[in-house]
Protein chains: 2
Amino acid sequence: MTDGPDLAERFAAWQDLGFDPHHCPVRDVLSHLGDKWTTLIIASLAGGTRRFGAIHRVIPDISKRMLTQTLRDLERDGLVTRRVFPTSPPSVEYSLTPLGGSLLRPLAGLVDWAERNHPAIRAARTRFQAEP
Amino acid sequence: MTDGPDLAERFAAWQDLGFDPHHCPVRDVLSHLGDKWTTLIIASLAGGTRRFGAIHRVIPDISKRMLTQTLRDLERDGLVTRRVFPTSPPSVEYSLTPLGGSLLRPLAGLVDWAERNHPAIRAARTRFQAEP
DNA sequence: TCACAAGGTCTATAAAAGAGACCGACAGGC
DNA sequence: GCCTGTCGGTCTCTTTTATAGACCTTGTGA
């Protein structure tokens with residue numbers, strides 16, 4: 001219940017402050033989370049350290065290119081660490097940083113909502129499509 | 001604290017169920033939320049009903065095309081209702097449905113995280129850029 | 001008569017995502 | 001020795017999305 005001010009108040013406050021869209025933290029952060037693969041990758045690392053190939057096996061329909069890129073972005077933002085072992089073939093381990101780990105809780109709230117309301121959303125879509 | 005199972009367990013459970021990527025509710029739902037404008041629009045409707053132009057004024061750097069499209073998507077998913085008044089010039093009101101409203105709480109959690117950790121993320125970026 | 005408002009649509013262009021071939025170094029089978 | 005496979009990528013090409021911004025319609029008031 002102590003979620004702090006709700007979105008409406010918060011949004012109003014931003015407006016009042018002459019809010020610069022390009023420095024909005026929410027955009028900055030959420031635009032990454034929406035990057036289609038980000039949430040899944042974070043979820044796959046929630047259980048602990050994983051290697052590149054392991055993540056790929058767990059999310060089979062991502063291309064290596066996008067997997068690399070998304071992991072780099074997460075590393076860049078300090079949510080994920082990357083450790084290279086100079087073996088051959090190379091071995092690379094990824095894991096969540098404390099910062100990345102701290103994202104799990106709010107993310108779980110959203111995932112929870114998604115699972116709970118998915119049926120309702122699907123129903124809404126069917127209804128919408130059936131309209132004239 | 002009663003967030004239900006955490007992401008790691010949940011993810012593992014999906015895996016075990018022979019998890020079909022294309023029917024994953026999380027992808028289905030979160031891919032929209034990440035659509036860059038979705039969260040902002042929902043936030044702007046958190047305070048109550050707003051007209052098209054009002055939303056546009058509050059999020060000045062969205063194109064009308066994307067605003068229309070994002071609102072349609074939200075309407076399609078049952079998160080937003082659209083009411084047209086056949087005046088002239090036309091007048092259209094948007095508001096959150098109960099389903100849309102129920103998203104505010106988990107979303108606020110994420111926004112909260114984003115605000116709180118934005119400095120850390122920015123610092124991480126600077127650090128990353130400074131690397132060899 | 002003219003410009004302007006609201007809530008869009010349409011088009012042309014730029015950015016991003018996806019598929020999938022390729023790479024480099026080694027290990028094992030034959 | 002030679003061929004094959006593994007790991008963690010990168011590179012190129014094509015398709016998909018997003019963006020900017022011009023245009024449309026129907027009235028109103030100056």
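Every chain is numbered from 1, with letters handed out A, B, ... down the list of sequences.
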Check: Separation of A:R50 atom CZ from D:dG8 atom P, in whole Å?
Finding: 14 Å
Margin query: Taking only side-chain N and O atoms of B:Y94, does any of them lie within less than 4.0 angstrom of OP1 or OP2 on C:dG8?
Written below: yes
Next item on the list: Could you work out which one of D:dG9, D:dT19, C:dT9 sits closest to the side chain of B:M66?
Entry: D:dT19
Margin query: We want to know whether B:Y94 and B:R50 form a side-chain donor-acceptor pair, criterion being a heavy-atom distance below 3.5 angstrom.
Written below: no
Next item on the list: Return yes if a side-chain donor-acceptor contact under 3.5 Å exists between B:S95 and B:T81, otherwise no.
Entry: yes
Notebook entry, point to check: How long is the line joining CG of A:D35 and C1' of C:dA16, in whole Å?
Noted result: 10 Å
Note to self: Measure CZ/B:R83 against C1'/C:dA6 and give the value in whole Å, please.
What the structure shows: 17 Å
Note to self: Nearest whole Å is fine: how far is C:dG20 P from A:K64 NZ?
What the structure shows: 13 Å
Item checked: Closest non-hydrogen atom pair between B:F11 and A:V58, with its separation -> CE2-CG1, 3.0 Å
Checklist line | B:K36 side chain near D:dT19 phosphate (N/O to OP1/OP2, under 4.0 Å) | finding: yes
Notebook entry, point to check: Between A:R57 (CZ) and D:dG9 (P), how many Å, whole number?
Noted result: 14 Å
Check: Within this structure, what is the CZ-to-C1' distance between B:R65 and D:dC23, rounded to whole angstrom?
Finding: 15 Å
Notebook entry, point to check: Among side-chain atoms of B:W14 and A:E115, is any donor-acceptor pair under 3.5 angstrom?
Noted result: yes
Next item on the list: Find which nucleotide of DNA chain D each of A:V84 and A:S88 is nearest to by heavy atoms, and output the residue with the more 5' nucleotide.
Entry: A:S88
Notebook entry, point to check: Would you say C:dA17 has OP1 or OP2 under 4.0 Å from some side-chain N or O of A:W37?
Noted result: no
Notebook entry, point to check: Any chance CZ of A:R83 has more than 12 other-residue heavy atoms, nucleotides or ligands included, within less than 6.0 Å?
Noted result: no
Note to self: From C-beta outward on A:P89, which listed nucleotide comes closest to its side chain: D:dT19, D:dT6, C:dT9?
What the structure shows: D:dT6
Margin query: Looking only at the side chain of B:T68 (C-beta and beyond, no hydrogens), which of the listed nucleotides C:dG18, D:dT19, C:dT9 gets closest?
Written below: C:dT9
Check: Given C:dG8, is OP1 or OP2 found less than 4.0 Å from the side-chain N or O atoms of B:R72?
Finding: yes
Notebook entry, point to check: B:R51 near the nucleic acid: base, sugar-phosphate alone, or nothing, with a heavy-atom cut-off under 4.0 Å?
Noted result: sugar-phosphate
Next item on the list: Check the distance between C:dA19's P and A:I59's CD1 and give it to me in whole angstrom.
Entry: 14 Å
Next item on the list: Using atom CG of A:D73 as one end and atom P of D:dG9 as the other, report the distance to the nearest whole Å.
Entry: 14 Å
Next item on the list: Identify which nucleotide among C:dG7, C:dG18, C:dA17 has an atom closest to any side-chain atom of B:F52, counting heavy atoms from C-beta outward.
Entry: C:dG7
Next item on the list: Select one nucleotide: of D:dT12, D:dG9, C:dG7, the one nearest the side-chain heavy atoms of B:P90.
Entry: C:dG7
